[in-house]
Amino acid sequence: YRLEDQYDSWLRGVDGHSSFGQTYQLTPPVNGGNLQLTIDHNWQASLYKLLGRQTDVMGARAGAGMITDTQTGEVIAYVSYPSYDPNALSYQIDSKAYGNWLQDVRKPLLDKVIGIQSSTGSTFKIFSAYTLLTNGIIDAQTKLRSTGCIKLGNNSFCEFGKRKLGLLDITTALAKSSNIFFCTNLMAAEANLGIQRIVDDLAQFGFGTKTNIGFAGEASGVLPGPEYKQTTFKQSWYPGDTCNMSIGQGMFVATTAQMAMATQSLTNGGKLFKPQIIKAEITNTGAVEKNIQPELVRSIALDPNTQAL
């Protein structure tokens, strides 16, 4: 339905009409064009069901998911859960039904793939790992012992549930989702390189900027740094801010679409693509008017050993 709005002039066609004068003239309608999507129906349906089951299991109100082809940026599935039947809008919709949509706390009318930005939590740790490995702050042999909590000034920064995870390297830190490993090492990166270097590294993946998927209402997320915090909150940057960002919390927020595109760039050798939903524009005779080519946003320096880890 978002695509119908975006491509209305291509899809609409021309209405037919008749006229009476000295002769009767009938002008037949002209069909509009078609769009070939990258969306796979089976993947789309499966992802919708999966999100429905998972939100029930987690006791969540809603969810969002996007699956892409890592080599092209083509979107295979794009789900905002729960959604609604757009066919209900084809004719005059019942005001009560529409009111129910508006009042539903699960916000079915909101495109949650691009319209909601939130803390990503531990899924962000792979990007902290990239920064640490790329800049030589850690390597595959670097070890750090997690004792459950560390002191940051007058505050404590802890593992989930204050678990003592023991001796960790980068692989086990990711597997056990350690907070302390990434907090401690990203603070070391800040001390050696400065926080702006870390922010710049993370910005390469598209955090803090829209994916430009082409739909209205896309949020840009927030990739915080000292300047952002000073401008927004009139406060200085503290070590706790670095630690929060290292685990995808604090001021850092991103959309589902941003996380999907950023993650695929770590799996394909560092190619950050613009998400693509249209594969081709098709005329009303079935001919291909325009093939939509993959659009590379940038190439990110990604060492094969870093990618392997």
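Values reported hereafter were calculated over all heavy atoms of this structure, with side chains retained and with hydrogens, waters and symmetry mates removed.
- Considering CZ of Phe273 and CD of Gln71, their distance stands at 7.0 Å, rounded to 0.5 Å.
- The shortest distance between side-chain heavy atoms of Ile195 and Pro226 falls below 4.5 Å.
- A donor-acceptor contact shorter than 3.5 Å links the side chain of Ser46 to the backbone of Asn42.
- To the nearest 0.5 Å, atom NZ of residue Lys290 and atom CD of residue Gln36 are 14.5 Å apart.
- The minimum heavy-atom distance linking Leu3 with Phe215 is given by the pair CD2-CE2, 3.6 Å.
- Using a 4.5 Å heavy-atom threshold, the side chains of Lys162 and Cys149 count as touching.
- Between Glu295 and Asn212, the closest side-chain pair of non-hydrogen atoms is not below 4.5 Å.
- With hydrogens and angles disregarded, no donor-acceptor distance shorter than 3.5 Å links the side chain of Thr172 to the backbone of Leu168.
- Considering Ile292, Ile278, Ile282 as possible partners of Leu35, the one that fulfils the side-chain contact (heavy atoms from CB on, under 4.5 Å) test is Ile278.
- Tyr48 places a side-chain N or O within 3.5 Å of a backbone atom of Ser83 that can act as its donor or acceptor partner.
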Could you walk me through whether Leu165 and Phe181 pass side-chain contact (heavy atoms from CB on, under 4.5 Å), step by step? CA-CA 10 Å; Leu165 300 181; Phe181 184 92; over 6 Å; no

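- Side-chain atoms of Thr211 and Glu218 include a donor-acceptor pair closer than 3.5 Å.
- Note that CZ of Phe127 is 4.0 Å distant from OG1 of Thr263, once rounded to the nearest 0.5 Å.
- A single hydrophobic cluster is not seen to contain both Trp43 and Ile277; linkage of ILVMFWY side chains at heavy-atom distances under 4.5 Å, directly or through other members, places them apart.
- Surrounding NZ of Lys107 are at most 12 heavy atoms belonging to other residues, nucleotides or ligands under 6.0 Å away.
- Phe157 contributes atom CZ, which lies 3.5 Å from atom CD1 of Ile247 (distance to the nearest 0.5 angstrom).
- A donor-acceptor pair under 3.5 Å is formed between the side chain of Lys143 and the backbone N or O of Gln141.
- The backbone N or O of Asp5 sits nowhere less than 3.5 Å from a side-chain atom of Asp8 that would complete a donor-acceptor pair.
- In terms of heavy-atom proximity, Gly269 sits nearest to Leu302 at C-CD2, 3.7 Å.
- When only modelled atom types and interatomic distance are considered, Ser146 and Ser178 share no side-chain donor-acceptor pair under 3.5 Å.
- Within 6.0 Å of the OH atom in Tyr98, the count of heavy atoms belonging to other residues, nucleotides or ligands does not exceed 12.
- Within the 3.5 Å criterion, the main-chain N or O of Thr70 finds a donor-acceptor partner in the side chain of Asn268.
- Under the 3.5 Å distance criterion, the side-chain polar atoms of Asp40 are left unmatched by any main-chain donor or acceptor of Ile76.
- Environment of CD in Gln307: crowded, with over 12 heavy atoms of neighbouring residues, nucleotides or ligands closer than 6.0 Å.
- Residue Ala140 comes nearest to Ile170 through the heavy atom pair CA-CG2, 4.3 Å, listed as atom of the first residue, atom of the second, then distance.
- Asp200 and Gln196 are linked by a side-chain donor-acceptor pair at a separation below 3.5 angstrom, with hydrogens and angles left out of the test.
- In this structure, Gln249 contributes its side chain and Asn244 its backbone to no donor-acceptor pair below 3.5 Å.
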Can you list the steps and then say if Thr134 with Asp201 is a side-chain contact (heavy atoms from CB on, under 4.5 Å)? CA-CA 9 Å; Thr134 299; Asp201 280 351; 5.5 Å; no

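- When only modelled atom types and interatomic distance are considered, Asp111 and Tyr78 share a side-chain donor-acceptor pair under 3.5 Å.
- For Asp15, the CG atom counts as loosely surrounded, since its 6.0 Å shell holds 12 or fewer non-hydrogen atoms of other residues, nucleotides or ligands.
- Between the Ser80 side chain and the Lys112 main chain, a donor and an acceptor come within less than 3.5 Å of each other.
- Proximity of Lys96 to Asn100: side-chain heavy atoms (C-beta onward) are separated by under 4.5 Å at one or more points.
- Proximity of Trp10 to Glu289: side-chain heavy atoms (C-beta onward) are separated by under 4.5 Å at one or more points.
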Could you walk me through whether Met259 and Phe207 pass side-chain contact (heavy atoms from CB on, under 4.5 Å), step by step? CA-CA 8 Å; Met259 285 298 294; Phe207 296 121; 3.6 Å; yes

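- The two residues Leu132 and Ala189 have their closest heavy-atom pair at CD2-CB, 4.1 Å.
- Counting only heavy atoms from C-beta outward, the side chains of Gln204 and Leu272 never approach each other to under 4.5 Å.
- Inter-residue side-chain proximity for Met251 and Thr232 is flagged as unmet; no heavy-atom pair is nearer than 4.5 Å.
- Put simply, the side chain of Lys125 reaches to within 4.5 Å of the side chain of Asn179, judged on heavy atoms.
- Between Thr142 atom OG1 and Leu133 atom CG the span is 8.0 Å, to the nearest 0.5 Å.
- Rounding to the nearest 0.5 angstrom, the gap separating the CG atom in Asp104 from the CG atom in Leu110 is 11.5 Å.
- In the hydrophobic clustering of ILVMFWY residues, with side-chain heavy atoms under 4.5 Å counting as a link, Val79 and Met66 come out apart.
- Criterion: ILVMFWY side-chain heavy atoms under 4.5 Å apart, direct or through other members. Under it, Leu296 and Ile213 are part of a common hydrophobic cluster.
- In terms of heavy atoms, Leu51 sits closest to Tyr81 at CB-CB, 4.1 Å.
- Hydrophobic clustering of Ile, Leu, Val, Met, Phe, Trp and Tyr side chains at less than 4.5 Å, counting indirect connections, unites Phe124 with Ile126.
- Proximity of a side-chain donor or acceptor of Ser246 to a complementary backbone N or O of Cys243 within less than 3.5 Å is detected.
- The two atoms that bring Glu159 and Ser177 nearest to each other are OE1-O, 4.2 Å, heavy atoms only.
- Following chains of ILVMFWY side-chain contacts shorter than 4.5 Å, one cannot reach Phe182 starting from Phe160, and the two form parts of different hydrophobic clusters.
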Worked check of side-chain contact (heavy atoms from CB on, under 4.5 Å) between Val113 and Thr255: CA-CA 6 Å; Val113 178; Thr255 67; over 6 Å; no

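- By the neighbour-count criterion of 12 heavy atoms within 6.0 Å, atom CZ of Arg61 is sparsely surrounded, having that number or fewer from other residues, nucleotides or ligands.
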